[in-house]
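Since the model is a prediction, treat every value here as computed from it, not as a measurement. Order of the sequence lines fixes the chain letters, A, B, ..., with proteins taken first and strands second; residue numbering starts at 1 for each chain.
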Amino acid sequence: MVESAMPLKIRQKSVDGARDEFEIRDYLRLDLFPHFLCPGCGHGIALRALLWAIHDLDIEKDQLAIVSGIGCSGRLSAYVDANTFHTTHGRPLAFAAGLKLARPDLHVIVITGDGDCLAIGGNHLIHAARRNLDITCIMMNNEVYGMTGGQVSPTTSLDRFTTTTPMGNQEPGFDACALAKGAGATFVGREVTLQTTALKNLMQEGLVHKGFSFVEVISDCTEIYGRKNDLGSSPEMVLSQKRSVLPRFDGTAVDKPFRAGNWETGILSRQERPEYYSAYRAHCHKVLGK
Amino acid sequence: MSPVPGNSPQLQSLQGNQACALGAIAAGCRLFAGYPITPSSEIAERMSKELPRVDGVFVQMEDEIASMAACLGGSLGGVKSMTATSGPGFSLKQENIGYGIQAEIPCVVINVMRGGPSTGMPTRPAQGDVMQARWGTHGDHPIIVLTPSSVQEIYQQTIQAFNFSETYRIPVIVLYDEAIGHLVDTVELPDPKDIETTDRKWATGPAEDYLPYAPDKDGIPPMPRPGDGYRTHTTGLTHLETGFPTQVPDDVTRVTSRLLDKIENHRDEIEQYELLSCGDADILIVAFGITARASERAVNMARDKGIKAGLLRPVTLWPFPEKALQELAGHAKHVLVPEMNAGQLILEIERLCAGSVPVSGINRFDGETIKPNEVLAKIEELNNG
Amino acid sequence: MNAKKKSAKSVVAVSGPTNVLIVGVGGQGVIMVSKILARLSQMQGLQVKQSEVHGMAKRGGSVFSHIRFGEEVWSPTIPMGEADVVLGLEWAEGLRWLRYLKPGSGTFISDTKRIVPPFSCRDRHHDALHGYAHHTVAEIVKQVPSAYAPNATGMAIELGNERVANTILLGVLSTVMDFPAEDWLQVLPEFVPPKTLETNLKAFEAGRHWTTQPPVPEVQEQAVPQPQAPMRRQVSLEITGEWCKSCDICVKMCPERCLALDDHQIVELVKPNACTGCRVCEWLCPDFVIAVHVDVVPLEAVSADTTTEVRI
Amino acid sequence: MSKTDGYEIRLSGTGGQGLGLGGKMLAAALSSEGLHVAQSQSYEPTSRGGMSRSDLVVSRQTADYPLATGLDYLLILDKRAISISEGMINKDAVVLVDEELVPDPPSGHFKVHALPLSRTAISLGNLRVTNVVSLGALIALGDFCSIETMEAAIKQVTPKKYAQMNLDAVRAGYELVQH
């Protein structure tokens, strides 16, 4: 046990010209606040973790592109003071692919939701993972279509009530991380919003990773899904994440199951594979003798 | 394809789809995202070969929707981008074409028309996407659709499409049929230095004062380039000049009207058409694409027989050259609209003529082109009529 | 780091239980040491009671073990101020349990090695000054009746295995207990891995030997950063009330329960002195309402309340 | 420009007979003489074994209508391809058929030449050069392109390792008519 295993790095306020402490307001379009998310929505917690990771990685806001799809998660991009793109339902990864290919100098982050990414956009996810373009995909999984009023999603747990499963959901759901990994994503991780610092670090690892990184955020829809299923108040829902999660500090420990799917949290897979754009460019130059 | 020996190096034997790819490169296209579909695949194939040579990027996406999205994404990044498809793929792209219109993203979409509906006749020519090109995406929107009728013109109109899209910040559709797309013809490519290309109007000035959707006097807002410090928001939601969504009726009316007007107010610069023997024409033919070529011959044959026939060939199918039609139709005794569909363009012609002159059509949707003789026969019938 | 010591007398009492508190952080071998001690006690025919908290190894958390032995032992835990020996396998942990030491007669044995566990500090702010560890070893040694503070980890590294630091301390401990030396040597092999037995035996001897050496002259320590002037942390909570949606997460998740919703269901700081500036509220607020500002300021500049609230 | 300024050529047969390539060679040859050639093919998913054709509309300027409407020169290499051209063969057109593969050629106000095209290709060692043999015979019959121009075009269009074989084939076809 040494200090380096401590994942948390908050910087002190600048005294000697060093970097400023993370102030989320520096990264927000303040005119738009308060944001439109419901009280207790986990997406806000996740967005904070993301911006914190961006801050600690010293990513210039001008060089940051956030591409989102449709749904509650899709609206998050608008709140960030960066180059932001709120695209069509399910397609942010495809937009991001074009953007990244056109502008490899930009840091391209996709914010998507479980419906956006796994249902209507499922095809784009698997091919983004296969292609391994240097994009970080943050998928907020709250098990429900919140924006449209709470319909069943590809990750809704069994027996949960939604507006389209009035008798309880009987469809099996996706393990999004296993899907991404199977499709070839070179970085896959999952974290809960409760473990904000671990989530921030996971996102940071994903952002640093050269290639396609997929981070699933276990987020809570408290107002719609929580109420419909009697999952308790916002704090109770956030706290309930703790019951089955053992945060990993060393990056290797096997974690405990979370939710019905027995899912693990932490970095689930990390591997080296040529990044798409650089490999494409290098190959073309080689063939053309440039 | 290699140059034809013995001729000037610019004279080439070129397939329509290949000409499209070369035109795109000449126009400055540096990103192509596509998905294979007959009969447009040669465009993607040629782009995959040409783009690496000019440090561009070719990517074959996972589906038609992704191709359209990646094309828009590339353009948002500041790179001229294109995609190409045919009917079924065009249908799939429509939502994102709408996004491109709403968010005012320049890009070029090639649609090589084949028989439909649905899978229809993948290898047979048709002109059934006239209305899909105009109204394929939902909501009230402007559009620019160009319809080349020769291999040479595919090259030129692809360049023109890029220029229009960059000037007016709108997806521009190049619509031609399989017969032209697969035709190999002798074309004369211009010297690269003679090709006029338009570049986007980029945002300049201080970022604090910048409103991404505040138009200049011409109705078109300059576009922000990521990394230039503007950090704007792009959305498919109806948005204010700030780029952020609105649902306030007055605001929605203002911004959507501006969107519509930016094309409507520039009709004069956008509308293109070609006239053949129209000066004294009793019988005015309106046709585009391969059908215009058949009509051209039919008009020549009719003139040989002393029949006063003329041809109006819209190059911009949308916006349709309304004034030109109305003026010519005012002098004509009959308007004839041959098209390889069950009657689409004729609806617009009838609307524009508004009962002032009888309008009839020649329609084929059997996968065959309309032949000059068929047009001539109809001209003779109307003339005798 | 300098090792200091002070002569001590034997601590095992004939009547009443002898209390040994062994403390450290996860993974150091607290449990092994306590098992050896328990076994030794049993060998003397004494009653032994042991109570431990462990299993926090992965988190680097604190581990402690109470050993009580004597002719009759009732309670398994040592009351505060009753420990005959506090054996710290890590300096800061050792200090943390100092108040358990019997005033006037207790013996304090601790490695001078410092491992600062992330969450064990009162002050949760990372990089914060660790208030409890500011004292030099010499200062601590002066405060207690009897003390042994070897750099056991340093010695263990010299022996080629950092992990035998606990055995060195065991050697030190053996010199203050009344158990025969041969009993220690008999028990030790039962509890160490056979591969490391030789090193452990050397370590045990090294610990015993160290107690016989004369004190090393005192030199200035420099390991722990110390404030130039009396400094402390000034925490302020910036609360943007307009953004608060009354979700209650911060109120319920605050470890110190220092937040509440006011009459308008907007969060407010109600117990400023309880706030440690841990930032849990900031991290978990989905609406970015709370910003925790932590400044290190001179003591005289600190306002009356530990934490102040800034309303926006 | 009306069609009277130019002429139309069709190569027809079945998929796999190399009619597309034949059309390409012919187009290259005619283009090299400054003519505009619009070349179109039947474009079928069943390219192997199905009906196949390659049309050339040749003119001094870009043709008003680039697709075939009345054929001046017609090559038929398979009897199943007769039907697609019947009814659009111009008066006095030259129709060249393979005497074995098209045993019952169309007849009318045009001249039909039945020659051992595939047989000649086999005698050259490769049935697959029937298309090039046919081109040689067609230009000999039609007199719209010199053999030298044709040979230059073949060299340009053909990969090097097949060049000699194709040159031999075009010459053999040409001589089928000359002799």
Side-chain angles (χ1 to χ4, degrees), chain A residues 1-13 15 21-25 27-28 30 33-49 51-52 79 193-200 219-220 222-223 232-239 242 246-250 252-253, chain C residues 24-28 56-63 90 113-120 124-129 162 233-234 238 240-254 265 277-297 312:
Chain A
M1 178 61 215
V2 285
E3 280 188 324
S4 64
M6 174 68 186
L8 207 154
K9 280 204 183 92
I10 311 170
R11 293 164 202 216
Q12 284 287 351
K13 229 179 191 136
V15 249
E21 188 179 351
F22 170 57
E23 297 270 7
I24 194 167
R25 283 166 176 74
Y27 291 85
L28 299 177
L30 295 172
F33 277 78
H35 58 53
F36 92 120
L37 297 170
C38 302
C41 177
H43 288 11
I45 306 173
L47 181 60
R48 178 178 217 294
L51 296 177
W52 187 8
Y79 297 109
T193 53
L194 175 69
Q195 305 287 357
T196 318
T197 53
L199 176 61
K200 174 249 176 185
S219 179
D220 285 313
T222 58
E223 285 291 304
S233 64
S234 299
E236 283 169 333
M237 282 188 76
V238 174
L239 256 180
K242 198 172 188 174
L246 189 67
R248 65 170 59 165
F249 283 109
D250 58 7
T252 55
Chain C
V25 298
Q28 284 194 315
M56 311 285 275
K58 277 177 185 163
R59 302 195 197 194
S62 129
V63 181
E90 189 272 335
K113 158 91 172 173
R114 282 176 170 87
I115 303 169
V116 182
F119 286 123
S120 63
R124 295 174 200 196
H125 191 275
H126 190 64
D127 294 346
L129 301 168
E162 192 180 343
R233 293 166 60 238
Q234 171 74 58
E238 191 182 341
T240 312
E242 285 175 10
W243 296 1
C244 178
K245 292 181 187 142
S246 324
C247 73
D248 215 27
I249 288 178
C250 58
V251 174
K252 292 291 191 310
M253 303 299 276
C254 172
Q265 296 294 294
C278 73
R279 292 180 188 267
V280 164
C281 55
E282 179 177 347
W283 295 339
L284 289 178
C285 175
D287 295 282
F288 317 138
V289 171
I290 306 174
V292 178
H293 300 291
V294 182
D295 295 296
V296 178
V297 296
I312 294 177

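- Using the six-membered ring where Trp is involved, C:Phe288 and A:His35 have ring planes that are perpendicular, over 60° apart on the 30 and 60° scheme.
- Of all heavy-atom pairs between C:Cys247 and A:Gly40, the closest is CB-N, 3.2 Å.
- With a 4.5 angstrom heavy-atom cutoff, A:Leu199 does not touch chain C via any of its atoms.
- Taking A:Gly44, A:Cys38, A:Pro235, A:Gly42 one by one and counting their heavy-atom pairs under 4.5 Å with chain C, the maximum is reached by A:Pro235.
- C:Pro286 pairs with exactly one of A:Val238, A:Leu37, A:Thr222, A:Ile45 by the side-chain contact (heavy atoms from CB on, under 4.5 Å) rule, that one being A:Ile45.
- Rounded to the nearest 0.5 angstrom, C:Ile249 CD1 and A:Leu239 CG are separated by 9.0 Å.
- For a residue to count as touching a neighbouring chain, one of its non-hydrogen atoms must lie under 4.5 Å from one of that chain's; by this rule A:Ser234 touches chain C with backbone and side chain alike.
- Every pair passing salt bridge (Lys or Arg N to Asp or Glu O under 4.0 Å) that includes a residue from residues 280-294 of chain C is listed here, sequence neighbours excluded: A:Arg48-C:Glu282, C:Lys245-C:Asp287, C:Arg279-C:Glu282.
- Heavy atoms closer than 4.5 Å to chain A are found nowhere in C:Val251, neither backbone nor side chain.
- Proximity to chain C (any heavy atom under 4.5 Å) is shown, for A:Ser233, by neither the backbone nor the side chain.
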